Amino acid sequence: MLIAHYLTFKDRPPTQTLMLVTGGRWEMNLLNRTFTAWCNSHLRKAGTQIENIEEDFRNGLKLMLLLEVISGERLPKPDKGKMRFHKIANVNKALDYISSKGVKLVSIGAEETSAKEGLLLWCQRKTAPYRNVNVQNFHISWKDGLALCALIHRHRPDLIDYSKLRKDDPIGNLNTAFEVAEKYLDIPKMLDAEDIVNTPKPDEKAIMTYVSCFYHAFAGAEQAETAANRICKVLAVNQENERLMEEYEKLASELLEWIRRTIPWLENRVAEQTMRAMQQKLEDFRDYRRVHKPPRVQEKCQLEINFNTLQTKLRLSNRPAFMPSEGKMVSDIANAWKGLEQVEKGYEEWLLTEIRRLERLDHLAEKFKQKCGLHESWTTGKEHLLSQKDYETASLMEIRALMRKHEAFESDLAAHQDRVEQIAAIAQELNELDYHDAASVNTRCQGICDQWDNLGTLTQKRRDALERVEKLWETIDQLYLEFAKRAAPFNNWMDGAMEDLQDMFIVHSIEEIQSLITAHDQFKATLPEADKERIAIMGIQNEITKIAQTYGIKLVGVNPYTVLSPQDITNKWEAVKQLVPLRDQMLQEEVARQQANERLRRSFAAQANIIGPWIQTKMEEIGHVSVDIAGSLEEQMNNLKQYEQNIINYKSNIDKLEGDHQLIQEALIFDNKHTNYTMEHIRVGWEQLLTTIARTINEVENQILTRDAKGISQEQLNEFRASFNHFDRKRNGMMDPDDFRACLISMGYDLGEVEFARIMTLVDPNNTGVVTFQAFIDFMTRETAETDTAEQVMASFKILASDKPYITMEELRRELPPEQAEYCISRMTKYVGPEAAPGALDYISFSSALYGESDL
């Protein structure tokens with residue numbers, strides 16, 4: 001009566017079929033039962049069923065009713081008569097309807113074979129992950145029941161615990177599948193477990209008919225799975241972008257906080273009072289430059305890289321650009337870093353200036369103490385001597401002696417005036433340089449000046465008194481007077497010579513020490529003349545002795561005109577001669593030290609004059625690689641990685657130069673005429689080189705990411721690069737607006753002023769007045785590629801929500817993985833609309849917010 005055919009209806013998926021049986025009788029009872037159960041599963045919806053296909057379909061009424069249930073359409077009104085022609089008319093109406101839908105009533109052919117292969121492939125794909133299941137056909141592959149259980153578990157794991165099924169229990173497995181399908185999936189029990197298990201080769205058509213019911217039952221789940229996958233993909237991109245945003249905010253906050261804490265330390269200009277304390281400050285600053293700052297330089301570079309990568313990912317996923325929190329833009333961090341480096345430079349200069357100042361202060365303070373000691377030693381007892389009134393009881397000779405002695409004292413006093421002025425000048429300079437113990441210096445200086453004034457007053461008073469009594473005395477011993485007059489200045493000269501020979505000095509170059517050596521040689525040249533003066537002075541004393549011996553004069557006591565004895569002159573002369581070679585030795589040792597400093601200067605200069613140009617050359621080479629269009633982006637990346645490795649390997653040269661620079665600073669060398677490069681120049685150049693190579697690598701990585709994500713070919717990228725390079729007239733990796741307009745026109749854009757202004761807001765959002773290559777590439781790829789849209793995401797949610805304008809939490813948790821489902825629930829707003837179910841969520845506003853079209 002019936003032959004197997006497939007019927008496709010407009011309201012069913014293209015693979016859904018209805019098998020009709022015509023002509024002859026069923027050859028197998030199993031197939032008869034299967035098709036009867038299948039028909040009843042649809043007829044139950046109309047409140048009826050069949051017992052025998054041949055008899056119940058004979059009048060055509062239930063056959064037409066079955067077609068109406070399956071198709072959802074109304075067929076022509078059937079004939080109600082019971083005559084044979086009425087039955088034939090009804091069957092013809094059913095067959096005409098089937099023919100009107102394009103179904104050929106012929107035996108199974110190529111199209112049916114294709115449907116069979118499609119159904120088999122669907123079963124294989126769905127059961128592939130399950131153990132003990134290998135679907136190769138529609139007969140023996142289904143005998144143990146595991147394949148049917150696997151299909152149910154794949155789509156509804158809550159209905160069957162697959163892990164408890166056993167391959168050696170086929171009847172139990174089949175009955176479990178039949179019962180679950182009938183109870184929960186509305187699939188009637190068309191087959192018998194014993195028939196399938198006990199038949200060597202179960203009927204293929206019966207198995208296909210039953211399995212096709214599962215396909216139809218789960219077709220909606222397939223569509224939901226596709227929609228869920230799309231949503232998961234979009235949500236995963238959004239979650240990753242949010243993670244990158246949070247990471248950027250965290251890194252930016254930490255870096256800005258470190259800069260905020262560091263700047264006050266560098267701005268602190270409170271000087272220490274000792275050289276040791278200031279040198280410790282300098283050592284702390286070196287640790288900051290070598291240990292604490294380099295990791296922050298890397299963090300700053302990584303922050304810029306992360307920001308660029310995040311913006312690229314946002315553009316590729318059609319998301320709005322990331323705007324960091326207020327004060328945490330890349331430009332804000334760059335400005336803060338610039339302020340740090342400005343303060344840092346001023347801090348190092350201040351440290352070196354303070355060290356020079358303290359060095360000068362220590363030298364002046366020591367010199368002040370030495371001169372004060374000599375002066376105070378000389379003035380000891382002078383006030384007492386000047387205050388004596390010994391002339392009142394002296395004899396004539398004694399009065400004359402006192403007068404001459406006082407004249408010698410005045411000569412000595414005048415000779416010491418220069419030393420007092422030097423002491424006052426040194427004290428003034430110590431005050432001007434803010435010496436930490438200036439109070440004690442001022443006190444001591446004031447005491448010396450007050451004492452000096454008092455000595456002047458006392459000296460004048462004594463002279464007045466002696467002159468008053470001088471008229472009473474007429475003679476004086478000229479030889480003693482002559483001795484005293486010549487011995488006093490000579491003694492002062494020897495004092496000055498000894499002071500100069502023991503004078504401390506500080507120099508910073510070979511020229512300065514050579515100047516001191518020249519002055520010392522000039523001093524030594526005066527020694528013969530001084531020796532003649534000494535012999536002459538000693539000759540006076542010898543003349544006194546000779547006269548006394550000649551005339552038998554008994555000399556009593558010492559020379560009345562001076563406290564200096566011939567032995568004092570001799571001893572002091574010997575002391576001067578001993579100090580001369582010691583001075584020679586000190587000067588030669590200083591020459592050796594300055595020569596060593598000169599070698600340090602030359603060593604540093606030799607390295608700096610190589611490293612400086614090397615850094616500049618590498619900067620230029622990296623610039624050439626970044627604009628070179630020869631080769632692929634991967635080849636450019638490999639070249640840049642090689643440059644980066646070479647730069648890393650070169651770090652040992654920078655470290656060695658840092659070591660030499662430390663030796664120079666420890667030697668207190670403050671200038672170097674052999675090179676124009678300072679350590680600061682080298683550091684800044686090195687940091688710029690590291691930042692440039694990292695930024696260039698990141699730009700190429702973003703170009704690769706853009707190319708792969710947007711489907712841009714290497715030839716297109718090369719064309720973009722060639723156009724950009726042609727209009728990059730300054731060869732600095734940027735185009736001004738006029739060059740950018742010319743570039744777009746050369747590539748076929750018809751630009752008006754309004755359109756060009758719109759494009760400029762895309763490629764230059766910060767109004768810098770230039771267009772970078774990365775911005776140019778982003779614009780060109782945006783013009784030539786497609787991305788997901790908010791409308792596509794809305795359509796996917798609509799499928800999951802069964803065409804409702806809202807979606808429930810239960811639907812989200814059922815269709816999406818747990819993480820993505822909770823992400824949506826936490827961000828979707830409550831749906832406000834007619835007939836909204838409790839807990840309804842607004843997926844339309846959520847989808848728009850993903851692409852920056854509204855606020856969550």
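In this text the structure is predicted, and so the values were computed from the model without any measurement.
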**Item:** Step-by-step side chain to side chain contact (heavy atoms under 4.5 Å, CB included) determination, Phe322 to Glu249
**Value:** CA-CA 11 Å; Phe322 169 54; Glu249 291 282 339; 3.7 Å; yes

**Message:** Can you tell me how the ring of Tyr210 sits relative to the ring of Phe214, calling it parallel under 30°, perpendicular over 60° and tilted otherwise?
**Reply:**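 It falls in the perpendicular class, over 60°.
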
**Ring geometry between Phe307 and Tyr248 (parallel below 30°, tilted from 30 to 60°, perpendicular above 60°)** =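 Plane angle between 30° and 60°, so tilted.
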
**Listed partners of Thr761 passing side chain to side chain donor-acceptor pair (under 3.5 Å), at least two apart** =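 Counting only residues at least two positions away or on another chain, Thr761 forms no side chain to side chain donor-acceptor pair (under 3.5 Å).
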
Do [X] and [Y] have side-chain heavy atoms sitting under 4.5 Å apart?
X: Leu812; Y: Leu841; value: yes
X: Trp142; Y: Cys123; value: yes
X: Leu640; Y: Val700; value: yes
X: Leu174; Y: Leu191; value: no
X: Thr691; Y: Gln688; value: no

Tell me whether [X] contacts the main-chain N or O of [Y] through its side chain, where contact means a donor paired with an acceptor under 3.5 Å.
X: Asn173; Y: Asp144; answer: yes
X: Asn137; Y: His139; answer: yes
X: Lys143; Y: Ile140; answer: no
X: Ser141; Y: Gln136; answer: yes
X: Gln820; Y: Ile231; answer: no

**Asked** Tyr643: what forms a ring pair (Phe, Tyr, Trp, His ring centres under 6.0 Å) with it, not counting sequence neighbours?
**Response**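 If we apply the ring pair (Phe, Tyr, Trp, His ring centres under 6.0 Å) test to Tyr643, skipping adjacent residues, there are no hits.
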
[atom1]/[X] to [atom2]/[Y] distance, rounded to the nearest 0.5 angstrom?
X: Arg154; Y: Phe218; atom1: CZ; atom2: CZ; result: 11.0 Å
X: Asn698; Y: Leu705; atom1: CG; atom2: CG; result: 10.0 Å
X: Arg695; Y: Asn702; atom1: CZ; atom2: CG; result: 12.5 Å
X: Asn766; Y: Met329; atom1: CG; atom2: CE; result: 6.0 Å
X: Met637; Y: Glu644; atom1: CE; atom2: CD; result: 9.5 Å
X: Met734; Y: Asp728; atom1: CE; atom2: CG; result: 8.0 Å

Checking [Y] against [X]: is there a side-chain donor and acceptor pair closer than 3.5 Å?
X: Gln302; Y: Asn306; value: yes
X: Arg315; Y: Thr312; value: yes
X: Glu242; Y: Tyr823; value: yes

Nearest non-hydrogen partners of [X] and [Y], listed with the distance:
X: Lys116; Y: Phe138; result: O-CE1, 3.7 Å
X: Gly327; Y: Leu256; result: O-CD1, 3.4 Å
X: Val763; Y: Phe740; result: CG2-CE2, 3.9 Å
X: Ala147; Y: Val135; result: CB-CG2, 4.0 Å
X: Gly769; Y: Asp764; result: N-OD2, 2.9 Å
X: Pro320; Y: Leu314; result: O-CD1, 3.5 Å

**Message:** Quick test of your reading of the model: are Glu822 and Arg813 salt-bridged, counting only N-O distances below 4.0 Å?
**Reply:**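 Looking at Glu822 and Arg813, the cut-off is met.
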
**Message:** Between Glu247 and Arg243, does any NZ, NE, NH1 or NH2 come within less than 4.0 Å of an OD or OE carboxylate oxygen?
**Reply:**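 Salt bridge: yes.
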
**Asked** Given the rule in the salt bridge (charged side-chain N to carboxylate O under 4.0 Å, His left out) test, do Glu304 and Lys300 qualify, once you have shown the distances and angles that lead to the verdict?
**Response** CA-CA 6 Å; Glu304 294 176 358; Lys300 175 177 175 291; 3.1 Å; yes

**Message:** For a salt bridge (charged side-chain N to carboxylate O under 4.0 Å, His left out) check, start with the C-alpha distance between Glu634 and Lys641, then their side-chain angles and the critical distance, and finish with the verdict.
**Reply:** CA-CA 10 Å; Glu634 285 74 12; Lys641 289 291 185 180; over 6 Å; no

**Message:** I need the full list of ring pair (Phe, Tyr, Trp, His ring centres under 6.0 Å) pairs touching residues 687-707, with sequence neighbours left out, sorted by first then second residue.
**Reply:**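 Pairs touching residues 687-707 that pass the test: none.
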
Might you confirm whether atom [atom1] of [X] has over 12 heavy atoms from other residues, nucleotides or ligands at distances under 6.0 Å?
X: Glu819; atom1: CD; answer: no
X: Glu326; atom1: CD; answer: no
X: Lys798; atom1: NZ; answer: no

**Prompt:** His726 and Ser746: side chain to side chain contact (heavy atoms under 4.5 Å, CB included), yes or no, with the steps?
**Reply:** CA-CA 11 Å; His726 178 77; Ser746 72; over 6 Å; no

**Message:** Apply side chain to side chain contact (heavy atoms under 4.5 Å, CB included) to residues Val237 and Glu240 and explain how you reach the verdict.
**Reply:** CA-CA 5 Å; Val237 170; Glu240 174 62 14; 5.9 Å; no

**Prompt:** So among Phe846, Tyr831, Phe797, which one has a ring pair (Phe, Tyr, Trp, His ring centres under 6.0 Å) with Tyr806?
**Reply:**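 Answer after filtering Phe846, Tyr831, Phe797: Tyr831.
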
**Request:** Check the pair His153, Tyr130 against ring-ring contact (aromatic ring centres under 6.0 Å, His included), reporting the backbone distance first and the verdict last.
**Result:** CA-CA 10 Å; His153 184 269; Tyr130 292 84; 5.6 Å; yes

**Message:** Go through it in stages, so that I can follow the logic: the residues are Ser253 and Lys328, the test is side chain to side chain contact (heavy atoms under 4.5 Å, CB included), and I'd like the CA-CA distance, side-chain angles, deciding distance and then a yes or no.
**Reply:** CA-CA 7 Å; Ser253 298; Lys328 297 179 183 178; 2.6 Å; yes

**Asked** Can Arg758 and Glu755 be said to form a salt bridge (charged side-chain N to carboxylate O under 4.0 Å, His left out), step by step?
**Response** CA-CA 5 Å; Arg758 182 191 67 82; Glu755 177 62 11; 2.6 Å; yes

**Request:** Carefully, step by step, assess Glu299 and Arg296 under the rule salt bridge (charged side-chain N to carboxylate O under 4.0 Å, His left out).
**Result:** CA-CA 5 Å; Glu299 288 180 7; Arg296 300 299 180 177; 3.0 Å; yes

